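Written below as structure tokens is the structure these notes are about.
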Protein chains: 2
Amino acid sequence: MKLTNKQITVIFKALCDENRVQIFRLLQNGEKCACKLLEAMQCTQPTLSHHMKILCDSGLVVGRKEGKWMYYSISPEGTEIAVNVLRELTKVSDSGECCCK
Amino acid sequence: MKLTNKQITVIFKALCDENRVQIFRLLQNGEKCACKLLEAMQCTQPTLSHHMKILCDSGLVVGRKEGKWMYYSISPEGTEIAVNVLRELTKVSDSGECCCK
DNA sequence: CACACATATTGAAGCTTGTCAATATGTTTT
DNA sequence: AAAACATATTGACAAGCTTCAATATGTGTG
């Protein structure tokens with residue numbers, strides 16, 4: 001599972017906005033419909049929809065349509081990938097010294 | 001260790017830019033001086049300096065000054081915090097159903 | 001002390017993102 | 001079929017980010 005730098009930025013862009021962090025907090029105790037999220041957030045419906053799209057694109061959140069409602073939840077698969085990417089990217093091999101030393 | 005939503009976004013902004021992701025890759029095999037990073041990157045010195053500031057502000061990278069050189073490395077403490085925050089934020093408690101169901 | 005070198009800061013231009021009002025799409029109800 | 005409802009899309013504007021050239025700061029060297 002090899003991601004490009006571009007794809008990695010898409011994942012972490014999900015967490016670059018305070019509103020989206022708050023949405024994660026709201027989703028932590030289970031799936032929620034968009035209307036419930038909207039109630040809890042201080043933004044308009046189109047803005048929420050925009051953030052949900054970014055969250056879904058990142059893979060950290062998944063959406064499920066049921067009739068006229070849209071249910072969102074945190075994706076265990078997506079978040080596991082994100083944790084692994086973060087781990088991978090920040091892992092230090094420490095194989096060598098810098099030339100300038 | 002309780003971070004605000006704002007502080008969390010600062011952490012993940014480090015990984016929102018392709019160039020910064022590339023910088024992590026360069027730092028993976030140990031501390032590097034700014035001049036070495038600059039060589040490897042396709043950007044000007046002020047741009048690199050700007051990115052290094054964002055990385056240091058995130059806590060994921062630490063800088064160390066030695067004479068006229070600046071050495072940067074991945075911070076094990078910072079990255080551990082980041083992983084924990086990501087884990088925390090994406091942990092699902094699943095305590096209850098959404099009202100709309 | 002003047003000069004060369006490494007890095008940081010400033011200021012401006014261009015691009016991207018976040019936000020909202022208005023509107024469109026799709027679904028259920030009457 | 002029309003009305004009501006939930007969500008998505010569009011278009012416009014504001015705010016923020018990335019980038020660079022120019023300049024400043026700090027450090028070692030002749």
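So that the names make sense, note that chain A is the first sequence line, chain B the second, and so on, each numbered from 1. Remember, predicted model here, so these are calculated numbers, not experimental data. What's counted below: heavy atoms across the whole structure, side chains too, no hydrogens, waters or symmetry copies.
- Note that CG of B:Leu86 is 9.5 Å distant from CZ of A:Arg87, once rounded to the nearest 0.5 Å.
- Of the candidates C:dA8, D:dT27, C:dA21, the closest approach to any side-chain atom of A:Thr44 belongs to C:dA21.
- For A:Asn19, the listed nucleotide lying nearest its side chain is C:dG18; candidates were C:dT7, C:dG18, C:dA21.
- Across the protein-nucleic acid pair, A:Asp57 atom CG and D:dA8 atom P stand 12 Å apart, rounded to whole Å.
- Of the listed nucleotides (D:dT7, C:dG18, C:dT27), C:dT27 has the atom at the smallest distance from the side chain of A:Lys65.
- No engagement by B:Leu38 is indicated, since no non-hydrogen atom pair under 4.0 Å with the nucleic acid exists.
- For the atom pair CD1 (B:Ile54) and CG (B:Leu15), the distance works out to 11.5 Å, reported to the nearest 0.5 Å.
- Of the candidate nucleotides C:dA21, D:dT7, D:dT19, D:dT19 has the atom lying nearest to any side-chain atom of B:His51.
- Spacing between atom NZ of A:Lys53 and atom C1' of C:dG18 amounts to 15 Å, rounded to whole angstrom units.
- No side-chain heavy atom of B:Val85 sits less than 4.5 Å from a side-chain heavy atom of B:Gln7.
- Rounded to a whole Å, the NZ atom of A:Lys36 is 12 Å from the P atom of D:dA6.
- For the OP1/OP2 pair of D:dC20 and a distance below 4.0 Å, the side-chain nitrogens and oxygens of B:His50 include no atom meeting the criterion.
- Note that the CG atom of B:Asp17 and the CD1 atom of B:Ile23 stand 8.0 Å from one another [nearest 0.5 Å].
- B:Gln45 contributes no side-chain N or O that forms a donor-acceptor pair with the base of C:dA6 under 3.5 Å.
- Listed candidates were C:dC20, D:dT18, C:dT7. Nearest to the side chain of A:Thr47 is C:dC20.
- Judged by distance alone, the side chain of A:Arg64 and the main-chain N or O of A:Ser73 form no donor-acceptor pair under 3.5 Å.
- Atom OH of B:Tyr71 and atom P of C:dA6 are 11 Å apart (whole Å).
- Nucleic acid contact class of B:Ile54 (heavy atoms, under 4.0 Å, all strands): sugar-phosphate only.
- If you measure from atom CD of B:Glu66 to atom P of D:dG26, you get 19 Å, rounded to the nearest angstrom.
- The distance from atom CG of A:Leu48 to atom P of D:dT9 is 13 Å, rounded to the nearest whole Å.
- Atom-to-atom, CD of A:Glu39 to P of D:dT7 comes out at 10 Å; the value is rounded to the nearest Å.
- Nucleic acid contact for B:Cys43: sugar-phosphate only, since backbone atoms but no base atoms lie under 4.0 Å from a heavy atom of the residue.
- Atom CE in B:Met52 sits about 14 Å away from atom C1' in C:dA6, given to the nearest Å.
- Applying the 4.0 Å criterion to OP1 and OP2 of C:dT17, one finds that A:Lys13 has a side-chain N or O inside that range.
- OP1 or OP2 of C:dA6 has not a single side-chain nitrogen or oxygen of B:Tyr72 nearer than 4.0 Å.
- Residue B:Lys68 has its side chain nearest to C:dA6 when only C:dA6, D:dA8, C:dA8 are considered.
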